[in-house]
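Because the structure is predicted, anything quoted here is derived from the model rather than measured. Below, read A as the first sequence line, B as the second, and so on, with proteins coming before strands; counting in each chain starts at 1.
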Amino acid sequence: MEGLILTAEQLRTEVEYFLKQDAFSWDTETMDGPLPDTRGVPTQNRVVWLSMATHGRTIVIPMGHPNGDVLLQKAHTKNKIVYPLVYDAPPEQMRPSQVFAILEPLFFNPDITKIAHNATFDLITVEKYFDRIPIGPNSDSIVLQWLLDENVGELGWGFNQRPKGKGLKELTRFYFGVDYDKEEVGRCIEKHAFSKVARYALLDAKYTWLLWKQFDGRCLGEDLWAIRELEEQTTDVCCQMGLIGAPVDVQALRELEKELSLKLEILEADVYKAAGKIFNMNSPKQKQEVLFGPKSDGCQGLVPVKMTKGGKLKAQRKAEPTIYDYSTDQEALEPFEGNQVVDALTAYAEVAKLQSTYVQGYLGVDGDPKKPSRIFNGRIHTDLVQYGTLTGRFSSRTPNLQNIPAPRSELGKKVRGLFRAPKGYKFLVADYAQMELRILASMIGFGGLYDGFHAGVDAHTQTASLVYSVTIEDVKKWQRDAAKTLNFAIVYGAQNKKVAQTLGITVEEADVLLANHRKAFPEIYAFRDQIMELARSRGSITGRVRIPYISTIMGRKRRVWEVLYDVAQREAPRLPWYNPRRHASAVRSVLARGERQVFNSLVQGSLGDIIKLAMIRMNRILSEDALKNPGREIYMVLSVHDELVIQCPEDRVEEGKKFLLEAMSGAEVQDLLNVPLAMTLDSIAVVDRWSDAKE
DNA sequence: CAATAGAGCGCT
DNA sequence: AAAGCGCTCTATTG
């Protein structure tokens with residue numbers, strides 16, 4: 001087969017050719033490493049194939065594929081044809097150690113761009129062979145695609161004119177009309193014949209290359225040069241953090257698992273006792289029956305108010321609601337506090353959530369291959385997904401380390417406290433305070449928020465002072481709390497009802513608050529209108545299609561077609577999934593939602609830019625520092641939107657703090673804003689457990 | 001048995 | 001009619 005590399009001599013010749021290029025794409029096919037179920041775990045898996053493509057050349061290197069080709073295609077039994085998988089012996093292949101030794105000059109050449117689709121996975125995967133992560137420039141076709149169209153895979157305008165997802169196969173199908181993997185070979189390569197996997201791996205690299213070439217050109221044409229640079233360096237950060245992982249106290253975790261399972265048995269019994277029957281308390285449906293069913297049937301006969309999402313839709317259609325249309329979530333049950341079943345269910349739910357999602361989610365459940373342990377050598381390696389959101393923030397998965405319970409409740413504190421610095425180390429925890437408001441104030445460039453930040457006043461206190469017309473010193477706690485809600489309402493676009501609900505006040509009272517806020521901060525509302533007009537002016541779905549968008553502080557785009565609602569309405573026949581005449585109010589809410597998304601994305605997305613920049617800077621500082629302090633390295637271990645956690649040798653805490661401060665608020669970051677970041681060394685917490693950082 | 005939808009809930 | 005996420009569980013559907 002053309003491009004199949006079986007010997008060192010062949011590979012050296014290829015490397016010579018690739019070294020003369022300015023870029024190449026590559027991909028790995030992996031199997032389980034020494035531990036079971038680790039094919040998809042980049043720190044633990046094993047590379048079996050590596051493919052590469054560049055101008056005029058595509059190659060594929062096997063290194064331990066277990067099968068040859070199929071000897072027998074078909075066999076007949078009594079009355080049907082069967083396909084026994086009988087394989088020939090595979091050809092002799094190189095060992096990974098030999099392959100990677102020869103590839104080293106290529107993957108560590110700073111003048112050659114290395115391209116992969118979801119590069120973090122492949123980069124961490126090969127780290128175990130190179131003993132370090134391949135150096136940049138590392139580019140990722142999935143990231144470029146996302147910068148060009150973050151809405152791929154989302155329902156909405158143009159769904160059918162876009163790829164169905166960000167995956168390599170979906171993009172190849174869409175852009176080249178080629179479907180080269182109908183059998184999903186990559187899901188389990190060891191089940192397939194040698195030649196089939198060879199072809200598959202080769203095409204992965206080839207189409208990654210072809211897609212990247214296309215995206216690369218389009219990024220220039222769409223003014224995405226700067227943000228692309230940021231994202232390419234972010235890839236290196238994701239690799240470094242994914243590789244090091246976050247340290248957890250495994251022993252405490254095991255103990256907590258036992259403690260909670262005992263607790264749950266009791267709480268479960270409490271529910272049954274109060275309800276007088278046995279049912280599945282994890283099932284919303286069964287909870288609806290028990291709580292809202294008639295007393296005559298031995299149920300509680302509670303009269304619910306809050307509907308589920310589905311229930312509301314049904315009500316819109318003017319259908320008669322049933323008990324199954326009413327919510328059983330925490331908020332819906334609040335009015336019934338005191339009912340023994342409700343109270344027992346509430347107590348159970350909190351513990352059950354934490355046990356299943358966090359404790360068992362990390363430890364895994366013995367004998368259940370769907371719930372593997374996420375802990376390797378006392379560390380959890382999350383996958384920080386740089387392309388995981390519509391706004392530019394990170395998402396985090398397998399497991400998600402961005403939704404660890406905050407230390408508000410005792411139990412939440414315990415769970416967050418499982419993240420613990422290793423012996424001899426401390427966690428240093430830094431976050432940006434009120435960063436979204438700072439960004440907003442900076443963009444407006446004047447007004448109450450802007451003045452407050454320049455005067456060094458806490459933003460919520462400043463808001464309260466202006467809304468309630470009292471001096472900064474006279475702001476009461478309840479006023480600051482209300483102001484905080486108002487500030488959230490601005491950033492998220494909440495209306496009077498939501499503000500009322502959050503603060504536990506009437507809608508009329510909320511109206512007064514919002515009116516006062518508008519009076520005190522007219523520039524915010526004017527700015528909002530301005531942004532909306534700008535976004536709208538960039539869009540058109542008549543004639544040449546241009547989706548409205550906003551640009552963040554670093555030039556990231558968020559496209560929101562919904563803000564062209566009135567145009568869409570006129571063009572309704574082109575948009576088959578809604579009928580504006582029948583759903584006028586629904587369409588209006590689509591527009592309103594689009595406007596909230598536009599405004600929120602401007603701020604949330606800019607914060608995403610800034611935290612990524614800070615992490616790139618920190619990574620640079622720490623990489624350099626590591627060379628000077630072998631064995632005493634500092635590592636970034638967690639990142640939660642506006643918060644950064646590092647693990648730092650105990651005797652280097654002061655250095656670590658300085659590094660964090662410089663990375664997060666140094667000139668390069670501060671210069672993006674015209675309000676002060678106001679970060680200080682003192683605001684960086686030095687703790688053993690993550691839960692001790694916030695009170 | 002596997003995939004999917006909905007409800008619900010953890011976080012910033 | 002509050003932005004952005006991912007995970008677990010149940011119930012339904014293929």
Side-chain angles (χ1 to χ4, degrees), chain A residues 150 154 279-288 306-313 324-333 345-346 349-350 352-362 365 368 370-371 374 382-385 387-409 411-412 415-416 431-436 485-502 507 558 560 585-605 607-608 611 638-643 690 694:
Chain A
E150 74 284 359
E154 300 288 320
F279 66 104
N280 186 339
M281 60 193 82
N282 290 320
S283 163
K285 192 170 174 232
Q286 295 185 39
K287 279 199 272 187
Q288 285 159 334
K306 190 188 170 190
M307 288 200 163
T308 64
K309 201 180 157 203
K312 278 183 212 158
L313 286 173
Y324 300 116
D325 296 314
Y326 290 94
S327 170
T328 60
D329 71 16
Q330 203 43 58
E331 193 194 324
L333 297 188
L345 276 172
T346 304
E350 188 204 356
K353 168 84 179 176
L354 298 192
Q355 172 79 319
S356 64
T357 302
Y358 302 101
V359 179
Q360 290 180 342
Y362 299 157
V365 175
D368 188 342
K370 284 192 166 166
K371 295 178 184 170
R374 303 287 183 191
T382 186
D383 182 9
L384 210 50
V385 186
Y387 54 83
T389 65
L390 294 168
T391 54
R393 296 216 295 207
F394 284 109
S395 73
S396 164
R397 63 187 179 192
T398 58
N400 181 357
L401 295 190
Q402 291 183 326
N403 71 341
I404 312 302
R408 291 185 203 110
S409 68
L411 195 45
V415 174
R416 186 166 281 221
D431 62 8
Y432 284 121
Q434 299 162 348
M435 193 58 169
E436 289 176 327
T485 300
L486 285 173
N487 282 332
F488 271 101
I490 293 304
V491 172
Y492 296 147
Q495 300 296 302
N496 53 5
K497 254 174 120 173
K498 192 73 193 179
V499 172
Q501 181 194 329
T502 308
V507 175
R558 168 86 194 263
V560 182
S585 69
V587 174
R588 189 167 297 276
S589 76
V590 167
L591 169 69
R593 178 150 192 245
E595 294 189 340
R596 293 193 297 270
Q597 289 169 330
V598 161
F599 189 71
N600 178 263
S601 296
L602 181 65
V603 176
Q604 190 186 118
L607 176 49
I611 192 84
L638 290 159
S639 156
V640 191
H641 306 308
D642 64 354
E643 175 179 2
W690 192 13
K694 272 185 198 158

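In this structure, A:Glu436 reaches neither bases nor backbone, as no heavy-atom distance under 4.0 Å exists between it and the strands shown. Residue contacts shown for A:Asn280 are limited to sugar-phosphate atoms, with no base heavy atom under 4.0 Å away. Using a 4.0 Å heavy-atom cutoff across all strands shown, A:Lys312 reaches no nucleic acid atom at all. Using a 4.0 Å heavy-atom cutoff across all strands shown, A:Lys353 reaches at least one base atom of the nucleic acid. Counting non-hydrogen atoms under 4.0 angstrom, A:Leu607 reaches nothing in the nucleic acid. Nucleic acid contact for A:Val640: sugar-phosphate only, since backbone atoms but no base atoms lie under 4.0 Å from a heavy atom of the residue. Using a 4.0 Å heavy-atom distance criterion, A:Gln604 is classed as a base contact.
When the P atom of C:dA3 is taken as reference, atom CG of A:Asn487 falls 17 Å away, rounded to whole Å. Rounded to whole Å, the distance from CG on A:Asp329 to P on B:dC9 is 5 Å. Nucleotide B:dT12 holds its P atom 11 Å from the CG atom of A:Asn400, rounded to whole Å. One interatomic measurement links the two molecules: OH of A:Tyr362 to P of C:dG6, which rounds to 15 Å at whole-angstrom precision. Remark: C1' of C:dA11 and CD of A:Gln288 are 12 Å apart, rounded to the nearest angstrom. Whole-Å rounding puts the A:Tyr324 OH to B:dA5 P distance at 23 Å. Between A:Tyr358 atom OH and C:dC9 atom C1' there is a gap of 14 Å when expressed in whole angstrom units. A:Met281 places its CE atom 15 Å from the P atom of B:dC9, with the value rounded to the nearest Å.
Which of C:dA1, B:dT12, B:dC9 sits closest to the side chain of A:Ala592 comes down to C:dA1. Distances were taken from every side-chain heavy atom of A:Lys285 (C-beta onward) to each of C:dA11, B:dC11, B:dA7; the shortest belongs to C:dA11. The nucleotide whose nearest atom lies closest to any side-chain atom of A:Gln286 is, among C:dA11, C:dC9, B:dG10, C:dA11. Side-chain proximity of A:Lys370 to B:dA7, B:dA2, C:dA1: nearest is B:dA2. Proximity note for A:Pro284 (side chain, C-beta onward) versus C:dG4, B:dG10, B:dG8: the nearest is B:dG8.
A donor-acceptor pair is defined here as one N or O able to donate and one able to accept, closer than 3.5 Å; no such pair exists between the side chain of A:Arg393 and the backbone of A:Gln604. Put simply, the side chain of A:Ser396 gets close to the backbone of A:Leu401: a donor and an acceptor are under 3.5 Å apart.
Residue A:Ser327 places at least one side-chain N or O closer than 4.0 Å to OP1 or OP2 of B:dG8. Put simply, A:Ser356 has no side-chain N or O that comes within less than 4.0 Å of OP1 or OP2 on C:dC7. A close approach under 4.0 Å does not occur between any side-chain nitrogen or oxygen of A:Arg416 and OP1 or OP2 of B:dC11. Contact annotation: A:Arg374 side-chain N/O to C:dC7 OP1/OP2 distance is not under 4.0 Å. For the pair A:Thr357 and C:dT8, the criterion of a side-chain N or O lying under 4.0 Å from OP1 or OP2 is not met. Contact check, A:Asn282 against C:dT8: no side-chain N or O comes under 4.0 Å of OP1 or OP2. Taking 4.0 angstrom as the limit, A:Lys287 places none of its side-chain polar atoms (N or O) nearer than this to OP1 or OP2 of C:dA11. Distances shown here put every side-chain N or O of A:Arg596 at or beyond 4.0 Å from the OP1 or OP2 atom of C:dG4. Side-chain nitrogen and oxygen atoms of A:Thr328 include none within less than 4.0 Å of the OP1 or OP2 phosphate oxygen of B:dA7.
A:Glu350 and A:Ser409 get closest at one heavy-atom pair: OE2-OG, 3.5 Å. Taking each heavy atom of A:Leu345 and A:Met281 in turn, the nearest pair found is CD2-CB, 3.7 Å. When all heavy atoms of A:Leu354 and A:Pro405 are compared, the pair lying nearest together is CD2-CG, 3.6 Å.
In terms of position along DNA chain B, the nucleotide closest to A:Tyr326 lies nearer the 5' end than the nucleotide closest to the other residue of the pair A:Arg408 and A:Tyr326. With the nearest nucleotide of DNA chain C identified for both A:Arg393 and A:Thr398, A:Arg393 has the one nearer the 5' end.
Remark: A:Asp325 does not engage A:Lys312 in a salt bridge, criterion side-chain N to carboxylate O under 4.0 Å.
A donor-acceptor contact under 3.5 Å links the side chain of A:Asn403 to the base of B:dG10. Evaluation of atom-type donor-acceptor distances gives no pair under 3.5 Å for the side chain of A:Arg397 against the base of C:dG6.
Note that the CD atom of A:Glu643 and the CH2 atom of A:Trp690 stand 5.5 Å from one another [nearest 0.5 Å].
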